[in-house]
Amino acid sequence: MMRLDPSLRLSRLVVLKGGQRAYDEEFHTGVNIIRGVPGEGNSVGKSTIADMIFYALGGDLTQWKPEAASCDQVLAEVVLNGSVVTLRREIAEASQQPMWIYFGDFTTANGAGPDGWQRYSYRRMSDRESFTQVLFRLMDMPEVPAEAEGNITMHQLLRLMYVDQMTPVDRIFRAERNDSALRRQAVGDLLCGVFDTRLYPAQLKLREKEKAYEAATQQYGALNRVLTAAGEAFNLDFVETRRRNLEADIATMLTEIQALKGHRFDERQLAPGQSSIVATIKVDLDRVNGDISDLQVLIGQLTYNIADADTLIDEIQRTLARLREGEVASSALGPINFLFCPSCFSPLRDADHDHQCKLCRSDVEPASDRSRFARMRNELEMQLKESNQLQAKRRDDLAAAKAKVGKLTGVRDTLASEYLNLTRNYLTEADAQIDRLNSRLGYAERELIELQRERQLAQQLAELSQARAELNEDITRLKENIVTWREQRDRHQDSVYRLIQGRTAAILAKDIHTEAEFTEESDVYFDFSEDRVTVNGKSGFSASSLTVIRNAFHVALHWVSCTSPIVRYPRFLLLDNIEDKGMTEQRSQNFQRLIAAISESIETDHQIIFTTSMVDPGLDMSAMTVGERYSFSNKALKIDL
């Protein structure tokens, strides 16, 4: 059997609970029927299996039936463009669950343990790919941007490949919240092979540009109204010119101030002849200051020496006084005879003769005591005299130094006064000029701050105006491109759509004739963005007829994909509502036979999986069935809740 790509085929589905296989069935090409026992085929797990297939292939499912929610994992061995891979996902109520992918069949993957499995998130994460990117690459499916949520995902494709029971029968896509007409159209165009890679991104960009233009217009209008109410009108060029001129003035004033500060004492500013006078006065002033400083040092030294000498003279005078007192006592008392040593109190032995000391045992002349007193007094008197003479000279020197300092101080004050008189006028004039410049500088800086505020407002207005102009140009260009590209797409689309419409009508024509309008000449119309199919402009059919119309459209789309190489629909269809909405057994079985006949007529590899509790007897015993007949006592999932 020939294969057209992209192609997707489910080979095996395994559901695990607690490590045990709650479901494990192989699927095949062509029609796969999951069926229940007639009369008790409802609520036996067929839709749960359909949901498991949808989820295993990448659908986003959060509302699980209790039986399914009790399971742990679902694994699917699939063939993508001829390559066998095994997919695994954890069953969880949280949305956007990741997927593990093993490049090999289920048996090999099951024996590989954790090795060989690669985890991919639902969405791309910076440099990490999503599982949609991997699956799209395996199916050679182009990546298509889809608004803020990123590119078109596997989940979005499956919304057009899985017909469930929960979606209203008048809808084409599987229902979900926050749906987008633009996204539905992109998915439909992508799977029908008429997707223009330029058109959908351009439509998204147009929507963004129009929103941005509206926001910019509102901001521009609001700001303009505020400024008009305040009586202000801003022109960015005018404000910029004022700002540049003002900044130049400020720079000039700062330069002038710095120059004035640096040249306030510049002698070149003195009048002719005054420079030498000021210089001479300054030299004299420096010299006088030096002399005063030297004299002050001398005065300090003399003052210290005089104080020190006064202390010495006082001590000499006290010694002389004691010496005189000792001499008087010695004359009155004569030699002193000690009986005991005044140091150790030992008895002293008698002297050897009368002129011997009983303490030191030396010979003593009677007149020698007076001589010693005299010599000592003389020496002290001479020392006292010399000290007094030196002290008098020091006092004279001190007085002279102080007097000289007094005179030099007067000279210094005179010179300083004269120097200040010569220079004071220049200092005052420079300072006054600096003050005037600082005053002007303050006004200029305040004006600059105000100009900065005006500049910001003017710039904001200008930017908003520029943004509006650019956005308007972008919008105009995008609209022109979209019209051109849409016309090109429409021409290409017409041929594919006519095929789908014709085959939908052909299928409807073979429905049991409860609806007279179902003929091969029926005018079938469908619109992906509007998410609807009509027949002869009419949508008010019975619920069961709407179910037939919806299923006929999906079978026709699948059928066309199997005969038209340009269509990107992956030749895979999953139907879970064959006899939905009170359809009779006869009508359901007729539709089942139609599906089987179409499948048998297709010469390319394809797969159609449908569930039914009213299986046609002729199909029931064929190779088209998958698994057992399920009933209340033999449900699809082999679990005990």
Side-chain angles (χ1 to χ4, degrees), residues 4-6 132-133 136-137 139-154 156-157 159-161 171-173 178-218 220 464-504 523-534 537 553 556-557 560-561 563-570:
L4 292 178
D5 292 333
T132 289
Q133 289 177 276
F136 271 37
R137 187 183 305 118
M139 290 191 292
D140 196 23
M141 189 79 76
E143 293 188 32
V144 178
E147 304 171 282
E149 68 177 15
N151 290 357
I152 294 291
T153 63
M154 193 69 191
Q156 293 297 335
L157 296 192
R159 290 183 62 206
L160 194 57
M161 297 157 61
R171 299 298 178 187
I172 297 176
F173 285 83
N178 302 320
D179 202 1
S180 160
L182 199 57
R183 184 169 58 225
R184 287 195 300 269
Q185 185 63 53
V187 172
D189 288 348
L190 175 63
L191 294 185
C192 287
V194 298
F195 182 80
D196 189 320
T197 56
R198 301 166 298 179
L199 183 57
Y200 186 52
Q203 290 173 317
L204 292 178
K205 188 165 292 185
L206 174 62
R207 183 190 295 179
E208 295 173 359
K209 295 286 184 183
E210 287 176 337
K211 288 182 179 178
Y213 180 82
E214 183 180 354
T217 300
Q218 290 177 351
Y220 182 87
L464 286 171
S465 178
Q466 179 67 20
R468 291 173 66 231
E470 292 177 353
L471 286 168
N472 191 46
E473 290 180 4
D474 292 343
I475 289 170
T476 300
R477 185 178 63 256
L478 283 169
K479 284 182 175 178
E480 292 173 351
N481 289 337
I482 288 171
V483 169
T484 302
W485 296 335
R486 186 175 287 162
E487 289 175 352
Q488 296 172 357
R489 183 206 62 181
D490 289 347
R491 287 194 294 273
H492 185 54
Q493 188 185 65
D494 283 346
S495 60
V496 178
Y497 275 29
R498 279 197 299 272
L499 279 174
I500 298 172
Q501 290 164 346
R503 290 185 179 176
T504 303
D523 180 17
V524 175
Y525 170 82
F526 66 91
D527 190 302
F528 290 118
S529 62
E530 295 177 3
D531 197 16
R532 67 188 178 94
V533 181
T534 61
F553 166 78
L557 174 58
V560 171
S561 74
T563 57
S564 177
I566 67 169
V567 176
R568 289 198 177 100
Y569 188 92

Will you find, in the side chains of D523 and Y525, an N or O donor that is under 3.5 Å from an N or O acceptor? no

Check the pair L182 / R207 against side-chain contact (heavy atoms from CB on, under 4.5 Å), numbers first and verdict last. CA-CA 10 Å; L182 199 57; R207 183 190 295 179; 3.2 Å; yes

What distance do [X] atom [atom1] and [Y] atom [atom2] have between them, rounded to the nearest 0.5 Å?
{"X": "I475", "Y": "K205", "atom1": "CD1", "atom2": "NZ", "result": "12.5 Å"}
{"X": "E530", "Y": "R171", "atom1": "CD", "atom2": "CZ", "result": "10.0 Å"}
{"X": "I500", "Y": "F526", "atom1": "CD1", "atom2": "CZ", "result": "4.0 Å"}
{"X": "R159", "Y": "D531", "atom1": "CZ", "atom2": "CG", "result": "7.0 Å"}
{"X": "N178", "Y": "R183", "atom1": "CG", "atom2": "CZ", "result": "8.0 Å"}
{"X": "K209", "Y": "E473", "atom1": "NZ", "atom2": "CD", "result": "10.5 Å"}

Are side-chain heavy atoms of [X] and [Y] found at a separation under 4.5 Å?
{"X": "R498", "Y": "D494", "result": "yes"}
{"X": "E210", "Y": "L471", "result": "no"}
{"X": "Q493", "Y": "D490", "result": "yes"}
{"X": "W485", "Y": "Q488", "result": "yes"}
{"X": "I566", "Y": "H492", "result": "yes"}

Minimum-distance pair of heavy atoms, taken over all atoms of [X] and [Y]:
{"X": "M139", "Y": "P6", "result": "O-CB, 3.1 Å"}
{"X": "L4", "Y": "T563", "result": "CD1-N, 4.4 Å"}
{"X": "F136", "Y": "P142", "result": "CD2-O, 3.5 Å"}
{"X": "G188", "Y": "L160", "result": "CA-CD2, 4.2 Å"}
{"X": "L557", "Y": "C192", "result": "CD1-SG, 3.9 Å"}
{"X": "R532", "Y": "T534", "result": "NH1-CG2, 3.0 Å"}

After noting the C-alpha distance and the side-chain angles of R468 and Y213, does the key distance pass the side-chain contact (heavy atoms from CB on, under 4.5 Å) rule? CA-CA 6 Å; R468 291 173 66 231; Y213 180 82; 4.0 Å; yes

D140, L190, L157 screened by side-chain contact (heavy atoms from CB on, under 4.5 Å) with R568, the one that passes: L190

Start with the C-alpha distance between E480 and T484, add both sets of side-chain angles, then the distance that settles side-chain contact (heavy atoms from CB on, under 4.5 Å), and finish with yes or no. CA-CA 6 Å; E480 292 173 351; T484 302; 5.5 Å; no

Classify the ring geometry between F528 and Y497 as parallel (under 30°), tilted (30 to 60°) or perpendicular (over 60°). perpendicular

Under a 3.5 Å distance rule, please check whether S564 uses its side chain to pair with a backbone N or O of S561 as donor and acceptor. no

